[in-house]
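Shown next, in structure tokens, is the structure this report addresses.
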Amino acid sequence: MPPAKRLTKTRNIGIIAHIDAGKTTVTERILFYSGRVHKMGEVHNGEATMDWMLEEKERGITITSAVTSCEWHGHAINIIDTPGHVDFTIEVERSLRVLDGAIGIFCAVGGVEPQSETVWHQADRYKVPKIAFINKLDRVGADFQRTVEMIRERLGANPLVLQIPWGAEDGFKGVIDLVKMKAILWEDGTLGSEYEEISVPPELIEEASQYRELLFETLADKDDTIMEGYLAEEDIDIQELNRAIRKATIGLDLVPIFCGSALKNKGIQPLLNGIIDYLPSPVDIPPIVGVVPSSGKKESRSPKANSPFSALAFKVMMDQGRKMTYLRVYSGTVKISEMIYNPAKKTTEKMARLLKMHSNKRERIDQASAGDIVAAMGLKLTTTGDTLCSETNPILLEPMQFNEPVITLAIEPKKVQDHDRLLSALGKLTDEDPTFRFKIDEETGQIVISGMGELHLEIIAGRLKRDFSVETNQGKPQVVYRETVTSPADHEEIFQREIAGQQHFAGVKLEVSPTPRGMGNRFVDKCKSPELTEEFLAAIRQGISEAETGGVIMGYPVIDVETTLLDVQIKETFSDEMAFKVAATMAFKNASQKADPLLLEPIMEAEIMLPEEFTGEVINDLNARQGKIEQITNKGPVQVLTARIPLSKMFGYSTSLRSVSQGRGTFTMQFSHYDRT
């Protein structure tokens, strides 16, 4: 197939959703119906193809994003199945960065849940076109219409309903396709492989006609051809409808809505058709833009096989002790044994092997070109977010943004002789996961690991034992606090010292003052001294930046503080950059002492779902944890409590919630903001 045609028949998509919405189950069905696998694995049996890690099989959740590919009606579909748990948001972030389209999956009972919002807005930030699949319509309490309204209200999306359910809960039979105005009925006993299109049942004709009218109205607002046909009351053919839906989806104007029940094998084939019909190919999205390192000028790269090579390393994994790097190729072609250039690190590396991935299975390939998502071996220096390109045509693509860890834990090896192996293993895990950090505390000598939540660090400890054969003891988790000031204060610091026979002198007067929460740190130069050089000013700023990394109360990073440089003192022969840096650091610390410093702690937004009869006990427990209930809503048979709670009070909450709700309550939480303790 010619490269240009191959690109138009390629789809790079991600499957995103809240935990337990059915992402992995949907992916399993896609692989089965497309012929990629010959047996459907179930998450609850620990047999899902995409959940290949032992931790995933044991817990029944997705932890790491898995890449696979399949074919459907002559199109190649590369799929990334992402985790739904808030602790593993990085997996979603880095996947969305390299994808052209996404499928948002929503549980028809739970609707739009907190993590659904988080990942949806991540996709919005990367301008990723999306389609939605409302899953679990066979479950008690399933409500299709309410879920569509939640997509509109909570996500700020403009849903375009293309299917409505035929039946509900136990009576769910199939779907009504509003584009073709046909009913799709799956035959029992065929594992969902066989289905037929029949006339819309008489009892659903009125409802389907109303939804189809709404479909035309919504599309007419976005497309002139549809508007003309709609106003003239002409028949609009299916090809024209699909063209308009595709254009509005890729333009981020509309989100096509599909529905079904993945576990009951209903609704997947029309969803596959929707992926091909409505989500973009690599040529439908704007060319990737980067910066030429030598000139700093912006340059775009077209998704063509004969363009200069450029790719982004979006994930690093340790595979049996060897480093495997996942790449999205944006332009050009790369072959095995080629030397490729890393402009961020200014190094060249050899592409030892290229692999096409199917979860944790692989297939060797000789080359990869624009639009491909592949894994590479042999890139020892490349880390997550690095650009790879040809040395003759270098380009630096926009790096990836990562969340800061919110929870820390002291860790030590059970055997003293494993200390070096533990440090080596932790180094490899930080290469894999940019939201995981470790350091050796200078004061205590302890190894401290940091991550996005208790489950995140629990998984890390499990992997140390399983993958690296290092058993560890863990201390109680510690919260990563922040510090700030609550009132303005100034201080003048004179630094005068003789070091190695040389006199050093600098005088710095600073004022520190609070800024609104979330505004970050700012530096303002109000010094009028004509003697202040750019070099001295840079040294002062560096000194302040270093001082902001450790506050005056407990040494936590300082946030939301404005530092104003008021005046400096300079002695011509004795003042130097080192002296100004030290003076600025000391001035900032002393001014902060006078400015009523305050400790801030991370506040989490928690959403707790539970049966109504346990609401009172759960609220009492939240009040005891200094939680503030913000909202209580009814979602069919369950109550949903939204609360803000200090992270320090949430350790062990999953056990507590299970005990007060007889194991029927579930919760998710994500970082909201820092506030006073």
Locate the shortest heavy-atom distance separating [X] from [Y]; write the atom from each residue and the value.
X      : Y      : answer
Leu397 : Tyr330 : CD1-CD1, 3.9 Å
Ile245 : Pro256 : CG2-CG, 4.0 Å
Ala606 : Ile645 : CB-CD1, 4.2 Å
Ala370 : Pro303 : CB-C, 3.7 Å
Val660 : Glu617 : O-OE1, 3.9 Å
Asn135 : Ala262 : OD1-N, 2.9 Å

At what distance, to the nearest 0.5 angstrom, does [atom1] of [X] lie from [atom2] of [Y]?
X      : Y      : atom1 : atom2 : result
Ile250 : Lys130 : CD1   : NZ    : 13.0 Å
Leu155 : Glu153 : CG    : CD    : 10.0 Å
Ile603 : His673 : CD1   : NE2   : 5.0 Å
Ile30  : Thr25  : CD1   : OG1   : 11.0 Å
Glu28  : Thr68  : CD    : OG1   : 9.0 Å
Lys264 : Leu191 : NZ    : CG    : 13.0 Å

Less than 4.5 Å apart, side chain to side chain, heavy atoms only: is that true for [X] and [Y]?
X      : Y      : answer
Leu254 : Lys222 : yes
Leu271 : Ile131 : yes
Lys136 : Ser261 : no
Ile226 : Glu240 : yes
Ser672 : Arg644 : yes
Gln163 : Ile257 : no
Val255 : Leu160 : no
Glu207 : Ile164 : yes

Quick check against the 3.5 Å criterion: does [X] have a side-chain atom that pairs as donor or acceptor with the backbone of [Y]?
X      : Y      : answer
Arg246 : Asp277 : yes
Glu607 : Leu641 : no
Asp560 : Gly520 : yes
Lys173 : Gly171 : no
Arg29  : Asn265 : no
Arg152 : Ala157 : no
Arg154 : Val112 : yes
Asn12  : Gly371 : yes
Arg11  : Leu279 : yes
Arg328 : Leu312 : no

Pair Arg243 + Asp223, salt bridge at N-O below 4.0 Å
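So Arg243 pairs with Asp223 through a salt bridge.
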Are any of the side-chain nitrogens in Arg139 or Glu169 under 4.0 Å away from the carboxylate oxygens of its partner?
no
Before giving the answer on side-chain contact (heavy atoms from CB on, under 4.5 Å), spell out for Ile608 and Leu622 the whole-Å C-alpha distance, their side-chain angles and the decisive distance to 0.1 Å.
CA-CA 10 Å; Ile608 301 125; Leu622 290 173; 3.8 Å; yes
Step-by-step side-chain contact (heavy atoms from CB on, under 4.5 Å) determination, Ile619 to Ile632:
CA-CA 10 Å; Ile619 288 174; Ile632 302 176; 3.8 Å; yes
Using only heavy-atom distances, determine whether the side chains of Asn158 and Thr218 contain a donor-acceptor pair under 3.5 Å.
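There is no such pair (donor and acceptor under 3.5 Å, judged by atom type) between the side chains of Asn158 and Thr218.
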In a table with atom names and distances, give each donor-acceptor pair under 3.5 Å that connects a side chain of residues 101-110 to protein atoms at least two apart or in another chain.
none

Please determine whether side chain to side chain donor-acceptor pair (under 3.5 Å) holds for the pair Asp621 and Ser656, giving the CA-CA distance in whole Å, both sets of side-chain angles, and the decisive distance to 0.1 Å.
CA-CA 8 Å; Asp621 184 45; Ser656 174; 3.2 Å; yes
Pick one: which of Ile205, Leu162, Leu204 meets side-chain contact (heavy atoms from CB on, under 4.5 Å) with Ile176?
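Of Ile205, Leu162, Leu204, side-chain contact (heavy atoms from CB on, under 4.5 Å) with Ile176 is met by Leu204 alone.
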Got a sec: does the [atom1] of [X] have more than 12 other heavy atoms crowding it under 6.0 Å?
X      : atom1 : result
Glu203 : CD    : yes
Asp170 : CG    : no
Arg517 : CZ    : yes

Given side-chain contact (heavy atoms from CB on, under 4.5 Å), test Ile285 with Val128 step by step and report yes or no.
CA-CA 9 Å; Ile285 55 170; Val128 176; over 6 Å; no
Quick one, Phe314 with Arg97, criterion side-chain contact (heavy atoms from CB on, under 4.5 Å). Give me CA distance, side-chain angles, the key distance, then yes/no.
CA-CA 8 Å; Phe314 68 95; Arg97 173 71 169 79; 5.8 Å; no
With Gln269 as reference, evaluate Tyr195, Trp186, Trp72 under the side-chain hydrogen bond (donor to acceptor under 3.5 Å, both in side chains) test and give the passing residue.
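Checked Tyr195, Trp186, Trp72 against Gln269; only one passes side-chain hydrogen bond (donor to acceptor under 3.5 Å, both in side chains): Trp186.
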